[in-house]
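A note on names: the letters A, B, ... follow the listed sequences, proteins ahead of strands, and every chain is numbered from 1.
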Amino acid sequence: MNDIIAELEAAVGEACAKHGGTDSVSASSTGGWNPRLWAALEQIGVTAISVAEEHGGSGGDISTAVAVLEVLGQHSVGVPLAETALLAGWLLADCGAVLPSGPMTACLAGSDLRLERKDDNLSVHGTVARVPWARCVDHVVVLGAGRVVLLHRDDFRVREGTNLAGEPRDDISIATSVPLVRVHDVTVESGISDRGFRTRAALARAAHIAGAARRALELAVTYAGEREQFGRPIAGFQAVQQHLAAMAGEVLLAKVAVEAAALALDTEDDPDVAVAAAKAVAGQVAGLVSSLAHQVHGAIGFTDEHPLHYSTTRLWAWRDEAGNENYWSTELGRRAVSAGSHGLWPLLVGKRSHSARR
Amino acid sequence: MDLWNLNPVALPPEHEDLRGNVRTFLAEEIAMGRITPRCDQWLGGWDPAFSRRLGESGWVGMTFPTKYGGSGKGALARFVVTEELLAAGAPVAAHWIADRQTGPGLLRFGSAEQKEAFLPLIAQGQYYFAAGMSEPDTGSDLASVRTSGRRIDGGWRVSGTKVWTSGAHLAQAMVVLARTEPRSSDRHAGLTQFIIELPDPNVQIRPIRLLTGEHHFNEVVLDDVFVPDTRVLGEPGSGWKQVTSELAMERSGPERILSTFPLLAAATDYLAENSSRIDMARFGAVVARIWALRQMSLAVAGRLEVGAAPAAEAATVKDLGTRFETVVIDTVRLLTELEPDSGSDQEIPRMLAESILHSPGFTLRGGTNEILRGVVARQLGVR
């Protein structure tokens, strides 16, 4: 890990500890938005991380962004950083636009949203379900019909919804005409595609999962050292030690997988296998780690008064967002089978681009 | 916690060129019928001719400096070569222990004379070691070894019994861990490693056959074997420290993930023909896991490359990886619905049989997974 990443991780961790923690959860019950933490992250300069500076971003690569997302996941804090930087920021910057200020979110136009060119406007009508953080952001960036569209706050209405952790997952309805200055045609060279969008969204959630899984492990280790049964801390029992060690293995696997997938996005010609694998594995890990963490904690762990649920509700929520284990495993399974017996190994090993950026 | 220093590794372009060369070589070997892909070939594939050809290509002893016949290319280059060999199911058992642990052990702890005597031959793929660690009743509790070394003029007399010694009947030497001082409160003190050249009139080697009938393991009885001082490896009494330094190398390699990979690869062709009824998600879940485990193993190799001793990280790779090797078997078995058959001339039934009958060993060899989780628990501070 390079020094820049280590410094950012430390700074973001500090900001989370100061402005995040359980605060963000109470914030999420009153609208899911932690403006103090967002301001602190803006000051650190990570809210548009991985977007080039000439487009109003903070610079840095995907690996750096993923390291920051892991820290956010670890602290169970809610802010639309993945949506602002990795999705909306990417879409706008790769179309040559400059990012507006403030938090953003992004979505794919599904079958319920119509985009039609009308005179000097783009008519956008319909709905998109479960858009992360929609109620809290200034802008929503939509990818659909070969275009990237920047919506303002007054272009859409929100029907509030949440995931298991209480994070905003709102349905938005849109009935507006967007001036063409906020509409960008997707060019072939831009590299923007629905698939690319899904890949980035999946990597972001996998990074969050890696962080949250680590926190669940840390909480379990701490609890096992404190809680006494039969006259000694439960950490003294081999069965509990085996649970904790098994968790540690899974947590480490998720961490290395998401960071390797980020590296693939930064350096490889074809990073799709890496990201699909990372999200599938993160989903596997989320399930295993949350069940083991709860098992170690006993009944107190699934009460509201113990902080474990801040991590585990997120693990349960995030594994189903941006494609669950089956979605990404099916993608990989298809690719593996079509690669055949001679192609499977090369598919797994991947191919680094020789013009790697790092 | 140290554990979190494990970061993914991007291999440099020259390593990918190396990979290409190994792949071409292996494709030719298979096409010419010199080798046949099989599962678990790092235990079972003893082929001195193949090991020599690898040695001629510079692909054995890659972590040894050139002055000892190695290529000095380091842990990551070696990682690339070994994973290509394992993925192809190539027979690497003959030189495996010598290349993976005896050579590095000699480099680190051996005398100048020992290095000159053994390392070039190992790197040529011509000299093979067996690892004499386990004993009856010892298992993963290596500190309890009872084989003893008694000091005499000019050397030592070593007596005891070693078990599960892979390839001892074919290797030219074995490294034996023995107790050379009475047991004290520090169980790890007073152990010494000896290099015993084979055959030796005072060493009896008896086969312990596997379920397949194959002969890889041995019981080795040492009856007052003379070992000259020149064949003590490292410092007398430092055996424990030396052995544990081998373990990170032994536990984290791609061999802890890929023993059954040839079966998984073979299954893709079969599944392609029956794609309408297979559970792609189930197959893909295994592919996802192997991708991630490989990244983890590679990350540990990256730590080894910079001289770290990532013992707990290596233990997690082995715990997760070896359990995964059996998941591969079950997935292929259930998705193809083929019956395992050692005598089959079809690849998948044959590989299924080989893998299933070898599988109990996956989570035992190199320290049982329960012991490994103990190592991780200690790192977590709960033990």
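- Residues B:Asp141 and B:Arg187 are paired through a salt bridge, judged by an N-O separation under 4.0 Å between the basic side chain and the carboxylate.
- Rounding to the nearest 0.5 angstrom, the gap separating the CG atom in B:Leu338 from the CD atom in B:Gln346 is 7.0 Å.
- Per-residue heavy-atom pair counts under 4.5 Å with chain B were compared for A:Arg334, A:Glu250, A:Glu331, A:Glu325, and the maximum is reached by A:Glu250.
- Just one residue in the list A:Arg215, A:His297, A:His294 forms a side chain to side chain donor-acceptor pair (under 3.5 Å) with A:Thr312, and that residue is A:His294.
- The candidate from A:Ala274, A:Ala336, A:Ala278 with the greatest count of non-hydrogen atom pairs under 4.5 Å with chain B is A:Ala274.
- Within the 4.5 Å cutoff, no side-chain heavy atoms of B:Arg289 are placed close to those of B:Val327.
- Heavy atoms of A:Pro233 lying under 4.5 Å from chain B are absent altogether.
- When heavy atoms are compared at a cutoff of 4.5 Å, A:Ala261 approaches chain B by way of both its backbone and its side chain.
- Scanning both residues, A:Leu86 and A:Ala204, for their nearest heavy atoms gives CD2-CB, 4.2 Å.
- The two atoms that bring A:Val77 and A:Cys16 nearest to each other are CG2-SG, 3.8 Å, heavy atoms only.
- Contact count versus chain B (heavy atoms, under 4.5 Å) is highest, among A:Leu252, A:Val273, A:Asn326, A:Leu244, for A:Leu252.
- Heavy atoms of B:Arg282 lying under 4.5 Å from chain A are absent altogether.
- Proximity to chain A is limited to the side chain of B:Leu320, based on heavy atoms less than 4.5 angstrom apart.
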field: Test log, rule salt bridge (Lys or Arg N to Asp or Glu O under 4.0 Å), inputs B:Arg19 and B:Glu83
entry: CA-CA 9 Å; B:Arg19 181 192 302 288; B:Glu83 70 172 356; 2.9 Å; yes
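- Ranked by heavy-atom pairs shorter than 4.5 Å toward chain B, the options A:Ala277, A:Ser341, A:Gly343, A:Ala257 are led by A:Ser341.
- Inspection of non-hydrogen atoms places no residue of residues 302-310 of chain B under 4.5 Å from chain A.
- Most heavy-atom pairs under 4.5 Å with chain B: of the set A:Lys279, A:His342, A:Arg335, A:Gln284, this distinction falls to A:Gln284.
- Taking every heavy atom of both residues into account, B:Thr36 and B:Arg350 meet most closely at CG2-NH2, 4.0 Å.
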